[in-house]
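Notes follow the structure.
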Amino acid sequence: MDPNEFRRLGHELVDWIATYREHAAEYPVMSPVRPGEVGAQLPAGPPPEGGDLEGIVADLDRIVMPGITHWNHPCFFHYFPSNTDLASVLADIVASGLGAQGMSWQTSPAATEVEDVVMEWLRGMVGLPDTFTGVIEDTASTSTLTALLCARERVSHFCQNRGGLQAEDSPLVVYASDQAHSSVPKGALLAGFGAEHLRLVETDDQHALRLDLLERAVEDDLAAGRRPCAVVAAVGTTATTALDPVAGVADLCERHGIWLHVDAALAGTAMICPEYRWMWRGVERADSVVFNPHKWMGTGFDLSAYYVRDPEHLVRVMSTDPSYLRTAQDGLVRNLRDWGIPLGRRFRALKLWFVLRSEGVEGLQARIRRDVGNAAWLADQVAAAPDWHLMAPAPLQTVCLRHVPAELAGDEEALAAHNAAIVEQVTASGRYYFGTSVLKGRLIVRVSVGAQPTEREHVAGLWAALQAAAGQV
Ligand SMILES: *Cc1c(COP(=O)(O)O)cnc(C)c1O
């Protein structure tokens, strides 16, 4: 494509995106297509000749849009927020336009240096002390895998330079709660610990990790000659935003030389507001911390913020340093290829920079407080309504609830069917999108507040729809 055609079509597509955002609320929030419907509209093979972009805007409307679930719709209440502020959209256009590689400082110095600076800003914004150094990874899954690899290498004194875990005399063990995100067991398995050396410790009635059981598991492993290696503590679990007791876990980890990784993928963004920082008290003693600006902060997917206390250790584990990658500046600058798993990296820091400039710290704080306030309002309504139960504390933006009519009380199977039917009825309207989850054997209705355009009226509308459906199903 030549620059003139890019200019023409680019302007048209920027207009198209702006119009989409203005009218996002008019779409059914969950895509109604059936499996195969989108793919069937594409030709069987690629165009043999170029020049085929004529009509692409119409094709986006006709083929792609029906297959989009609208995460930036005001009535999106499923999974977690995945806000993409329009400033972030522009930054991604610029990053692609530059097409720069940020694997080494030399391969585009601005990519490294903008990242250095904005990650420092972000560190201060969430109240992490300056003993942490940050790097952008693609996702929390990658950040957690990286943390587990670093833990493995620290506790095994660099077994990767010998026979790896396969040659260790005694097995290394990883701990998390039974509410940990699936990326934690996945990371532990990929890092070679083995399912037999992964302990998912039971949680308390608030769904937070039980410190007494964690301590017992560590002691049992020590007594059996195994080596406790890493604990992943969650600040804001996926199902209910439960808060593991980070400070207590940090005490235990310090006593035994265990790596402490804090997974605050969603909740980390809330720490921009000082009044929520008690939720991760003790985090300054972690070895590594991850949170995702690509969830609640407005920075479009993908951008995960990974902070470590010992960057030299990270670089020792991750650097390969073949001679063709060396440059004269290596001793003076960061080469971000050595700070994570992939070699190549795109200029993600631009979207963080754009979003921070566009929203400002105070703008982000106001939006987070709005969302927490809306979730608290919903939790209050549920707690006060006859036959409705709050199923977990709601410290942030996720509300877990269910309808328990007197005639079904105590019958878990009937309650699961009844609540699933409520969700089915409300989501079928296309107006709202949210889901169910199973929490310790009970089906719950899960409402995750925090899309950028979501206001109180949308949360109130959902609550009214839930109550109406409960009377009909
Ligand atoms: C969303 C989430 C993750 C996974 O995030 P990705 O960036 O998609 O890998 C991990 N942990 C928690 C607690 C999460 O909420």
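Just so it is clear, the values below take in all heavy atoms, side chains as well, and ignore hydrogens, waters and symmetry mates. Order of appearance sets the numbers: ligands from 1, and atoms from 1 within every ligand.
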Discussion item. Counting C-beta onward and ignoring hydrogens, is there a side-chain heavy-atom pair between Arg348 and Thr299 closer than 4.5 Å?
Written reply: no
Worksheet item: Under 3.5 Å between some N or O of ligand 1 and some N or O of Ala140?
Response: yes
Practice prompt. Consider ligand 1: state whether an atom of it lies below 4.0 angstrom from any non-hydrogen atom of Thr238.
Written response: yes
Discussion item. If we only consider heavy atoms of Gly236, is any one of them less than 4.0 Å away from an atom in ligand 1?
Written reply: yes
Worksheet item: What are the atoms of ligand 1, with element, lying closer than 4.0 Å to any heavy atom of Thr139?
Response: 6 (P), 7 (O), 9 (O)
Worksheet, complete the sentence: Exactly one of Pro28, Pro74, Cys75 clears side chain to side chain contact (heavy atoms under 4.5 Å, CB included) with Tyr432, and that residue is Cys75
Worksheet item: So, Arg316 and Glu153, do they make that salt bridge, N to O below 4.0 Å?
Response: no
Discussion item. Taking CZ in Arg255 as the centre, count heavy atoms belonging to other residues, nucleotides or ligands within less than 6.0 Å. Is the count above 12?
Written reply: yes
Discussion item. Just to confirm my output: which protein heavy-atom neighbour is closest to atom 4 (C) of ligand 1, and how far is it?
Written reply: His181 CE1, 3.3 Å
Discussion item. Using heavy-atom distances only, which candidate in Ala180, Ser82, Ala265 approaches atom 12 (C) of ligand 1 most closely?
Written reply: Ala265
Worksheet item: Does Lys440 NZ have over 12 foreign heavy atoms under 6.0 Å away?
Response: yes
Item to complete: Just need the protein heavy atom nearest to atom 9 (O) of ligand 1, so name the residue and atom and give the distance.
Response: Ser141 OG, 2.5 Å
Worksheet entry | Criterion ring-ring contact (aromatic ring centres under 6.0 Å, His included) on Tyr27 and Tyr20, from CA distance to verdict | CA-CA 10 Å; Tyr27 289 86; Tyr20 164 62; 5.6 Å; yes
Item to complete: Could you find the nearest protein heavy atom to atom 15 (O) of ligand 1 and give me its residue, atom name and distance?
Response: Lys295 NZ, 2.8 Å
Worksheet item: More than 12 non-hydrogen atoms from neighbouring residues, nucleotides or ligands closer than 6.0 Å to CD on Glu202, yes or no?
Response: no
Discussion item. Considering non-hydrogen atoms of the protein only, which is the closest contact for atom 11 (N) of ligand 1, and what is the distance?
Written reply: Asp263 OD2, 2.7 Å
Fill in: Heteroatom proximity flag, Asn292 to ligand 1, N/O under 3.5 Å
yes
Item to complete: Have a look at ligand 1 and work out which part of Ser183, if any, has a heavy atom under 4.0 Å from it: side chain, backbone, both or neither.
Response: side chain
Worksheet item: With side chains defined as the heavy atoms from C-beta onward, is the minimum distance between Arg216 and Glu219 less than 4.5 Å?
Response: no
Item to complete: Would you mind running through ligand 1 and noting each atom that sits below 4.0 Å from a heavy atom of His294?
Response: 7 (O)
